[in-house]
Participant: 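Here it is, the structure in full.
For reference, positions follow the sequence shown, starting with 1.
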Amino acid sequence: QVQLVESGGGLVQAGGSLRLSCAASGGTFSNYVMGWFRQAPGKEREFVVGISRSGSTTRYTDSVKGRFTISRDNAKNTVYLQMNSLKPEDTAIYYCAGSTGLIIFSRPHEYNYWGQGTQVTVSS
């Protein structure tokens, strides 16, 4: 059973940056496609970005392209999300997720493992 633990959330002003981390344990990290999702109050959980098992392929939702960067370190069992030029609309709980699939899925039900989430709040 894979456990995922996010960290790095917080309060930041618009235009600022945050770096989220997600540490995995209990499985072979390099066997999982990893994704970041977010959920704002009253909204559905939405896909933000995903990364392939090797890290060679990424997939971003349009609203974060050019501002967010996903990366992974399979030796450290960790996936990162660098968030720059943050906007108030980026405010949400951010979740790390792992999938046993072979491609980067964008729908939550295609991910098998989830972290507890970390709050990101961007003030205007």
Side-chain angles (χ1 to χ4, degrees):
Q1 188 75 4
V2 176
Q3 290 83 43
L4 302 174
V5 179
E6 303 97 335
S7 61
L11 173 64
V12 64
Q13 289 187 333
S17 298
L18 284 174
R19 188 194 195 203
L20 306 184
S21 299
C22 172
S25 61
T28 302
F29 184 66
S30 58
N31 285 349
Y32 300 98
V33 168
M34 299 301 296
W36 286 96
F37 289 76
R38 65 187 180 187
Q39 188 166 17
K43 295 188 177 181
E44 294 186 351
R45 191 168 299 190
E46 66 168 348
F47 174 79
V48 177
V49 59
I51 189 166
S52 62
R53 296 177 177 189
S54 67
S56 61
T57 303
T58 57
R59 178 181 176 184
Y60 293 84
T61 194
D62 287 346
S63 62
V64 307
K65 285 181 180 177
R67 299 189 299 122
F68 290 11
T69 303
I70 190 172
S71 61
R72 68 188 294 164
D73 186 337
N74 286 345
K76 295 183 177 180
N77 294 345
T78 303
V79 61
Y80 305 97
L81 180 62
Q82 178 67 42
M83 305 186 294
N84 298 328
S85 302
L86 282 161
K87 304 175 181 180
E89 51 263 45
D90 295 318
T91 295
I93 299 174
Y94 282 70
Y95 297 91
C96 170
S99 169
T100 56
L102 298 178
I103 64 173
I104 302 172
F105 298 109
S106 62
R107 293 176 291 182
H109 75 269
E110 290 167 316
Y111 286 76
N112 310 92
Y113 306 103
W114 291 86
Q116 82 289 349
T118 186
Q119 177 70 49
V120 171
T121 303
V122 184
S123 64
S124 58

Participant: Is it possible for you to say whether I104 and Y80 belong to one hydrophobic cluster, with membership spreading through side-chain heavy-atom contacts below 4.5 Å?
Facilitator: no

Participant: Does R19 use its side chain to pair, donor to acceptor, with the backbone of Q82 at less than 3.5 Å?
Facilitator: no

Participant: Quick check on ring pair (Phe, Tyr, Trp, His ring centres under 6.0 Å): which of F37, Y95, F47 does Y111 satisfy it with?
Facilitator: F37

Participant: Counting only N and O atoms by type, is there a donor-acceptor contact under 3.5 Å from the side chain of E46 to the main-chain atoms of E44?
Facilitator: no

Participant: Could you tell me whether a side-chain N or O of R67 sits under 3.5 Å from a main-chain N or O of S85, the two making a donor and an acceptor?
Facilitator: yes

Participant: Mind checking whether L20 and V12 sit in one hydrophobic cluster, side chains of I, L, V, M, F, W, Y counted as touching below 4.5 Å?
Facilitator: yes

Participant: Determine yes or no for a side-chain-to-main-chain donor-acceptor pair under 3.5 angstrom, with R45 supplying the side chain and R107 the backbone.
Facilitator: no

Participant: What I'd like to find out is whether the side chain of T100 reaches to under 4.5 Å of the side chain of Y32, using heavy atoms alone.
Facilitator: yes

Participant: Taking Q39 for its side chain and A92 for its backbone only, find out whether a donor-acceptor pair lies under 3.5 Å.
Facilitator: no

Participant: Is there a side chain to side chain contact (heavy atoms under 4.5 Å, CB included) between E6 and Q116 once you walk through the steps?
Facilitator: CA-CA 7 Å; E6 303 97 335; Q116 82 289 349; 2.9 Å; yes

Participant: If we only count heavy atoms from C-beta on, is the S106 to R59 side-chain gap below 4.5 Å?
Facilitator: yes

Participant: First locate atom SG of C22, then atom CD of Q3, and finally report the distance between them rounded to the nearest 0.5 Å.
Facilitator: 11.5 Å

Participant: Please answer whether the main-chain N or O of G27 pairs with a side-chain N or O of N77 as donor and acceptor at a distance below 3.5 Å.
Facilitator: no

Participant: Same cluster or not: V33 versus V2, using hydrophobic residues (I, L, V, M, F, W, Y) connected whenever any side-chain heavy atoms lie under 4.5 Å apart?
Facilitator: no

Participant: Rounded to the nearest 0.5 Å, what's the gap from OG on S56 to CD1 on I51? Could you check?
Facilitator: 8.0 Å

Participant: According to a 4.5 Å side-chain heavy-atom criterion applied to Ile, Leu, Val, Met, Phe, Trp and Tyr, with indirect links allowed, do F105 and L81 form part of one hydrophobic cluster?
Facilitator: no

Participant: What verdict does the side chain to side chain contact (heavy atoms under 4.5 Å, CB included) test give for F68 and V49, after you've listed the backbone C-alpha separation in whole Å, the side-chain angles of each residue and the deciding distance to 0.1 Å?
Facilitator: CA-CA 8 Å; F68 290 11; V49 59; 5.7 Å; no

Participant: Any side-chain heavy atom of V122 sitting closer than 4.5 Å to one from E89?
Facilitator: no

Participant: Take F29 and K76, measure what side chain to side chain contact (heavy atoms under 4.5 Å, CB included) needs, and give me the verdict at the end.
Facilitator: CA-CA 9 Å; F29 184 66; K76 295 183 177 180; over 6 Å; no

Participant: Do V64 and I70 belong together in a cluster built from hydrophobic side chains that touch within less than 4.5 Å?
Facilitator: yes

Participant: I need the minimum non-hydrogen distance between E110 and S99, along with the two atoms involved.
Facilitator: O-OG, 3.1 Å

Participant: In a check of side-chain hydrogen bond (donor to acceptor under 3.5 Å, both in side chains) between R38 and each of T91, T61, D90, which one passes?
Facilitator: D90

Participant: Do you know which two heavy atoms are closest between V79 and S71, and how far apart they sit?
Facilitator: CG2-O, 3.1 Å

Participant: Report yes if some heavy atom in the side chain of Q13 is under 4.5 Å from a heavy atom in the side chain of S123; otherwise report no.
Facilitator: yes

Participant: Between W36 and S21, what is the shortest heavy-atom contact and its length?
Facilitator: CH2-O, 3.7 Å

Participant: Distance check, rounded to the nearest 0.5 Å: N84 atom CG versus T69 atom OG1?
Facilitator: 6.5 Å

